[in-house]
Amino acid sequence: MGMIAVGLLGLFLLLLLLPGMLLPRTGLAEAPSVGSEPPLAEAARRWFVVGVGVHDALPGRTEDHALLLRHFRSVTPENGLKPAAVQPREGHWQFALPDAFVAFARRHGLQVVGHCLVWAKDDRTPPWFYPAGESDDDRALLLQRMSNHIRTVVLRYRGQMAEWDVVNEALDDGTHWLRPSGWSRLCGVDFIAWAFRWTHQFDPDAMLVYNDYRNELPGKREACFRLLRQLREQNVPVHAVGLQGHYEIDEVPYEDLERTFEGLRALGLKAVISELDLDMIPRSRWWADGGRHREELSRWNPYPDGLPPDLLDRQARQYARLFRLFRRHADVIARVSFWNLHDGQSWLNEFPWRRVNHPLLFDRQGRPKPAFYAVLEVLNEP
Ligand code: GLA
């Protein structure tokens, strides 16, 4: 009897412990945990829509759903709708990922941003778009390819997109007005005007956005307003400007944003903050001085185990100041979207070198950081 009892007890203990022994330890830690913190988008509701750019395979990434659905009301597919993904070769369409993405979003009542129809950079335009020469016929051919691309994509999702990023990054960083590219060389500003006209024709209810980076800074801001004024004079249907908002700690351009919102208000246009994050291991030196800091930077990885408390606090204060500014200009701002769901998924862990970065409101486990609570407090202030 005693032997049997001991044996049964042993078996019982083994069954109790077995699952814990077999489960991968890291698997549990990787899934974002969603706590009981108040939903961000809900707190922002009286000011603007809060969204996020997320992985294209969203529907199958069940570990992301709880965090996403708790805090955000709008989603932007990170890559799947870009020209190189949708039509890598002429007439060779790839819609499986964006179809599933849009269906998921609609099932869950999320708005979708169609990002993007034209990315006016040579290295982001599938090479087949560009004709061989630069004659009038070549120009017409480029516009025809663009029109065909826009018609096919926009009609497929007509009425399902809240917004389209119609043209992305067409302004130059240097002394030109438009970025030198096959687009501007052949068509000047016309490709932008036609892209907006055609998108509006195929999806008349969507908000149409011109999206760019650093376009709140003097210089590029002037170039952006010149573009907007010109489009408006030609009655081109442009509704909003996307300010990507890829900022760096201690370099947030508060005053320039202020000027930009004022200018947009005067023009009767909306702003969207389309890709917000706050790089904690700033990257701008990567491009400085002919790239001679790159070797050193590529070994710079100061916070592999998390941000120290003083930096978490600094980040929180800068995010709070930014959202206080957004709140003050909420009549102009239609949406504020972060770029990626939590720190572990940020593109800034890889770009332009590999490092453990912490640019968002949620940490790698999906837990709200001090910046989250600071933003929440600003949104909730009476
Ligand atoms: C730009 C683009 C985005 C994305 C980011 C980097 O901002 O607009 O689609 O590619 O770069 O992830």
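Along the sequence shown, residues carry numbers from 1. Treat the numbers as computed from the prediction; the structure is a model and nothing was measured.
- When atom types are taken as modelled, the side chain of D279 and the backbone of I249 share no donor-acceptor pair closer than 3.5 angstrom.
- Under the rule for a ring pair (Phe, Tyr, Trp, His ring centres under 6.0 Å), F225 has no partner lying at least two apart in sequence or in another chain.
- Residues satisfying the side chain to side chain contact (heavy atoms under 4.5 Å, CB included) test with R327, not counting sequence neighbours, are R46, W47, V378, E381.
- Here W287 and F351 bring their ring centres to under 6.0 angstrom of each other.
- Listed by chain and number, the residues in a salt bridge (Lys or Arg N to Asp or Glu O under 4.0 Å) with R179 amount to none (sequence neighbours excluded).
- The side chain to side chain donor-acceptor pair (under 3.5 Å) check on T125 picks up W183, with sequence neighbours excluded.
- Between K82 and E78, none of the side-chain N atoms (NZ, or NE/NH1/NH2) sits under 4.0 Å from a carboxylate O, so this pair counts as no salt bridge.
- Residues meeting the side chain to side chain donor-acceptor pair (under 3.5 Å) test with R259, sequence neighbours left out: E262.
- At least one donor-acceptor pair under 3.5 Å links the side chain of N357 to the backbone N or O of L348.
- Between R214 and D173 there is no salt bridge, since no side-chain N of the basic residue sits under 4.0 Å from a carboxylate O of the acidic one.
- Scored by the ring pair (Phe, Tyr, Trp, His ring centres under 6.0 Å) test, F326 finds F323 as partners (sequence neighbours excluded).
- For an aromatic pair to be called close, the ring centres must be under 6.0 Å apart, and H200 with F196 fails this.
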